[in-house]
Participant: 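This is the structure, below, for whatever I ask next.
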Amino acid sequence: MSCSGVSVGVFLPLFMCFWLYLGLQKRKLIRTKQMFFELNGGLFLQQQISNYNGTSTGTGGFKIFSKEELEKATSNFAADRILGRGGHGIVYKGDLEDKTVVAIKKSKMTEEVPTKEFAREMFILSQINHKNVVKLLGCCLEVEVPMLVYEFVSNGTLYQYIHGSRGLDSDTGFHTCLRIAVESAEALAYMHSSASPPILHGDVKTANILLDDKLTAKVSDFGASKLAPTDEAQMATLVQGTCGYLDPEYLMTCRLTDKSDVYSFGVVLLELLTRKKALYFDGPEEDRSLVLCFMMAVKVGQHQDLLDSQVRDEMRIEALEEITHLVMRCLNMSGEERPTMKEVAERLEMLRRYHHHPWAQADANPEEEQSLLAME
Ligand SMILES: *[C@@H]1O[C@H](CO)[C@@H](O)[C@H](O)[C@H]1NC(C)=O
Ligand SMILES: *[C@@H]1O[C@H](CO)[C@@H](O)[C@H](O)[C@H]1NC(C)=O
Ligand SMILES: *[C@@H]1O[C@H](CO)[C@@H](O)[C@H](O)[C@H]1NC(C)=O
């Protein structure tokens, strides 16, 4: 009797302490989540969404996800769910409760403090509806580094398509590449012109151009540059991007512009034309820059040798010269001299049509064509 009295006397307080401890931990967890949510601009975003809710533009189904939802969708971020790893973080494949398949981007920790600016950019990106831009479906803010939820694009990246083993076969051919180039250029042009200030990509490369089951291009990862820094101190530490694609002017000034995207897109075009990587390995030397090799070859008039043999066979010589000229303009050292993304898209579209029906425009005058395009 006294024995159980003792054990109750000992265990009851212990049990209550434990229970209290659990309760406090849970409260702390909820408070932490709420803190991150607010730090990441969650309240602002919520307000924006409800403001737009019911208006004719709608929110396009943009959703703020809870941490648990995303953990469940990815089986707790299991390794076999990983779709890819990039400089910015890891992308997981997720299955939402309503059976939607999504790609969830979990960024690496950064030292920057998340801001309301982030939420604002998220909101702008969520409003974008373009068939060649990967749709942003939502985000999760109650974690230290926000996670982004995108539509899932099934058929890999343009990088894999060009350089991978399944590669380009003769029945896909260069006209598919040209179409993908047009679509990507249109997506970038659209983003540059759709908002003010323009939405810049900041990391245009073939690994960021996804392909769906019909090989339609979908540009992903807009706003790698999302926290477009405003003060100088921040800027110096924030030059991001990928070696081989980086605009040299951006490196010098640390100021990302729409023309930085144009430069990087020039490298993408070169990759399509040569089927070499932006930094490629060639014999005993170390990596070589595709841009430098190409520029040197153009200087001595031997750039045709660098082109992929299938491209050389399929494209007419005048189209090749035209596209080479366009690439060189995109790669000009001075951003001001580069064409806009809109012009690049229009020129590529003309080339694509020409490639399809060379006879139809054999003697068309380029001025006339421009106006035809403008009227569409
Ligand atoms: C948006 O409006 C619908 C009904 O019009 C409502 O069911 C939904 O909860 C609203 N969403 C938000 C985020 O306010
Ligand atoms: C990618 O698309 C091509 C062409 O539609 C198709 O043949 C191929 O099976 C697809 N690959 C994957 C991995 O979905
Ligand atoms: C850049 O463009 C200007 C004007 O078209 C041209 O004179 C210059 O040679 C170009 N520079 C390079 C490096 O291509």
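Just so it is clear, the structure is predicted and the values come from calculations on it, not from any experiment. In listed order, ligands and their atoms are each counted from 1. Numbers here are sequence positions counted from 1.
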Participant: Among all protein heavy atoms in this structure, tell me which lies nearest to atom 5 (O) of ligand 3, with the distance rounded to 0.1 Å.
Facilitator: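 In this structure, atom 5 (O) of ligand 3 has Glu337 OE1, 3.7 Å as its nearest protein heavy atom.
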Participant: Please report which non-hydrogen protein atom sits nearest to atom 14 (O) of ligand 3, along with the residue it belongs to and the distance in Å to one decimal place.
Facilitator: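 Going by distance alone, atom 14 (O) of ligand 3 is nearest to Asn332 ND2, 3.7 Å.
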Participant: Between Tyr245 and Thr206, do the side chains contain an N or O donor and an N or O acceptor separated by less than 3.5 Å?
Facilitator: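 Short answer, yes.
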Participant: Pick one: which of Ile317, Val298, Val311, Thr324 meets side-chain contact (heavy atoms from CB on, under 4.5 Å) with Gln304?
Facilitator: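 Going through Ile317, Val298, Val311, Thr324 one by one, the side-chain contact (heavy atoms from CB on, under 4.5 Å) with Gln304 is satisfied by Ile317 alone.
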Participant: Does the cation-pi check pass for Lys106 over Phe77, that is, NZ or CZ under 6.0 Å from the six-membered ring centre and within 45° of its axis?
Facilitator: yes
Participant: Looking at atom 2 (O) of ligand 3, tell me if a protein heavy atom falls under 4.0 Å from it.
Facilitator: yes
Participant: Is any side-chain heavy atom of Tyr263 less than 4.5 Å from a side-chain heavy atom of Leu331?
Facilitator: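 In contact.
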